[in-house]
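Structure first, commentary second.
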Amino acid sequence: MKPILLQGHERSITQIKYNREGDLLFTVAKDPIVNVWYSVNGERLGTYMGHTGAVWCVDADWDTKHVLTGSADNSCRLWDCETGKQLALLKTNSAVRTCGFDFGGNIIMFSTDKQMGYQCFVSFFDLRDPSQIDSNEPYMKIPCNDSKITSAVWGPLGECIIAGHENGELNQYSAKSGEVLVNVKEHSRQINDIQLSRDMTMFVTASKDNTAKLFDSTTLEHQKTFRTERPVNSAALSPNYDHVVLGGGQEAMDVTTTSTRIGKFEARFFHLAFEEEFGRVKGHFGPINSVAFHPDGKSYSSGGEDGYVRIHYFDPQYFEFEFEA
């Protein structure tokens, strides 16, 4: 089946995310636009306008009432999903790289970059306390002195956050005390993306060291490794099959010197247990920066350096994959 092509951004995609039901797809890019699409047919439902710089991250809460975005304009913003109205503006000293809601949708966390003389922090706000929002004062702030956080997600039951760092480290921070509960270093280079499995027992990391790795969410024990010959920018776990999809490609600045085939811009499918690649899907004209499975597992989306988002519908049992000869 031909993929649905979403053209709503002028610059390269930074993150794409489905809501819990999977009827909405949120996309952000290195432009100030935050788009929301109807995932069934690719119709653009609306745009959240307000950011003045590249938007690095987006998240929707459990019941899709609110949307959270973090941007290079040194702000994290909370939006009403339905009306597009901005509900809160949280200013920071440096760019907001990652953000997310906990399961109740009451607590948000976001991490800021280590730049312009400011160190990397993870901030926690309770949306039930308006004074925190008004005074722009989080109830907890965790400093990250060594290496900045490049990707972060809430762990099981919202008791911790799992953060990937620029130096390849993985940390589990307590959401109550802020202390480091577990620290592991399985990657040799920057971790670009972390995505949980549907039941939250596992998560997959994507790294510049040309691998994606599977970990246990509670212990951070390393389970599997999926190897490629190019940097992996994003990885996602299928909700109902033992499949992992990886997106990546040659570094963006080197792309103009190579053809599409050599640059390897396909989405690549691996078997979760056997760690073997069994298929590739073409489409993008540059590296893939973000991939996400639909919650029902019948489609996946990919966003690339070319500024396009593609929704691919398939049944993994009958999907026609392409292999290089």
Do other residues, nucleotides or ligands put more than 12 heavy atoms under 6.0 Å from [X] [atom1]?
{"X": "Glu10", "atom1": "CD", "answer": "no"}
{"X": "Arg44", "atom1": "CZ", "answer": "yes"}
{"X": "Tyr38", "atom1": "OH", "answer": "no"}
{"X": "Tyr118", "atom1": "OH", "answer": "no"}
{"X": "Glu82", "atom1": "CD", "answer": "no"}
{"X": "Lys65", "atom1": "NZ", "answer": "no"}

Can you check whether [X] reaches [Y] side chain to side chain, under 4.5 Å on heavy atoms?
{"X": "Val281", "Y": "Glu266", "result": "no"}
{"X": "Val153", "Y": "Phe203", "result": "no"}
{"X": "Ser71", "Y": "Val96", "result": "no"}
{"X": "Phe110", "Y": "Leu90", "result": "yes"}
{"X": "Trp154", "Y": "Ile108", "result": "no"}
{"X": "Arg230", "Y": "Arg268", "result": "yes"}
{"X": "Tyr173", "Y": "Cys160", "result": "no"}
{"X": "Val245", "Y": "Ser238", "result": "no"}

Quiz item: Can you list the steps and then say if Leu6 with Leu25 is a side-chain contact (heavy atoms from CB on, under 4.5 Å)?
Solution: CA-CA 10 Å; Leu6 311 182; Leu25 179 65; 3.9 Å; yes

Which atom pair, heavy atoms only, marks the closest approach of [X] to [Y]?
{"X": "Phe265", "Y": "Pro287", "value": "CD2-N, 3.5 Å"}
{"X": "Gly304", "Y": "His284", "value": "N-CE1, 3.6 Å"}
{"X": "Pro295", "Y": "Pro239", "value": "O-CG, 3.4 Å"}
{"X": "Ser75", "Y": "Asp73", "value": "OG-OD1, 2.7 Å"}
{"X": "Leu246", "Y": "Ala235", "value": "CD2-CB, 3.5 Å"}

Quick check: does any side chain N or O of [X] sit under 3.5 Å from a backbone N or O of [Y], one acting as donor and the other as acceptor?
{"X": "Asp59", "Y": "Cys99", "value": "no"}
{"X": "Asn240", "Y": "Asp296", "value": "yes"}
{"X": "Gln15", "Y": "Ser290", "value": "no"}
{"X": "Gln132", "Y": "Asp126", "value": "yes"}
{"X": "Lys185", "Y": "Gly168", "value": "no"}
{"X": "Asp61", "Y": "Phe101", "value": "no"}
{"X": "Ser123", "Y": "Pro138", "value": "no"}
{"X": "Ser217", "Y": "Gly155", "value": "no"}

Quick check for you: to the nearest 0.5 Å, what is the distance between [X] atom [atom1] and [Y] atom [atom2]?
{"X": "Ile107", "Y": "Asp129", "atom1": "CD1", "atom2": "CG", "result": "11.0 Å"}
{"X": "Thr47", "Y": "Asn35", "atom1": "OG1", "atom2": "CG", "result": "4.5 Å"}
{"X": "His9", "Y": "Thr14", "atom1": "NE2", "atom2": "OG1", "result": "7.5 Å"}

Quiz item: Going through the distances and angles, do Cys144 and Lys114 end up as a side-chain contact (heavy atoms from CB on, under 4.5 Å)?
Solution: CA-CA 9 Å; Cys144 306; Lys114 187 177 180 179; over 6 Å; no

Quiz item: If you measure only the distance, is there a donor-acceptor pair under 3.5 Å linking the side chains of Asp23 and Asn19?
Solution: yes

Quiz prompt | ring pair (Phe, Tyr, Trp, His ring centres under 6.0 Å) partners of Tyr48, counting only residues at least two apart | solution =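 With sequence neighbours excluded, Tyr48 shows a ring pair (Phe, Tyr, Trp, His ring centres under 6.0 Å) to Trp79, given in chain and number order.
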
Quiz item: By ring pair (Phe, Tyr, Trp, His ring centres under 6.0 Å), which residues pair with His294, not counting sequence neighbours?
Solution: Tyr18

Quiz item: Does Arg11 come within less than 4.0 Å of Asp31, counting only side-chain N to carboxylate O?
Solution: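 Asp31 and Arg11: not salt-bridged.
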
Quiz item: Hey, is Asp306 close enough to Arg310 for a salt bridge, meaning N to O under 4.0 Å?
Solution: no

Quiz item: Does the side-chain contact (heavy atoms from CB on, under 4.5 Å) test come out yes or no for Leu170 and Gln172, once each step is laid out?
Solution: CA-CA 7 Å; Leu170 271 174; Gln172 198 182 70; over 6 Å; no

Quiz item: Are Tyr300 and Phe269 near enough that their ring centres are under 6.0 Å apart?
Solution: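 Yes, close enough.
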
Quiz item: In terms of ring plane angle, is the pair His222 and Phe215 parallel, tilted or perpendicular, where the classes change at 30° and 60°?
Solution: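 Tilted: the ring planes of His222 and Phe215 meet at 30° to 60°.
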
Exercise. Apply salt bridge (charged side-chain N to carboxylate O under 4.0 Å, His left out) to the pair Lys213 and Asp209, showing each step before the final yes or no.
Key: CA-CA 11 Å; Lys213 300 194 178 196; Asp209 65 7; 5.2 Å; no

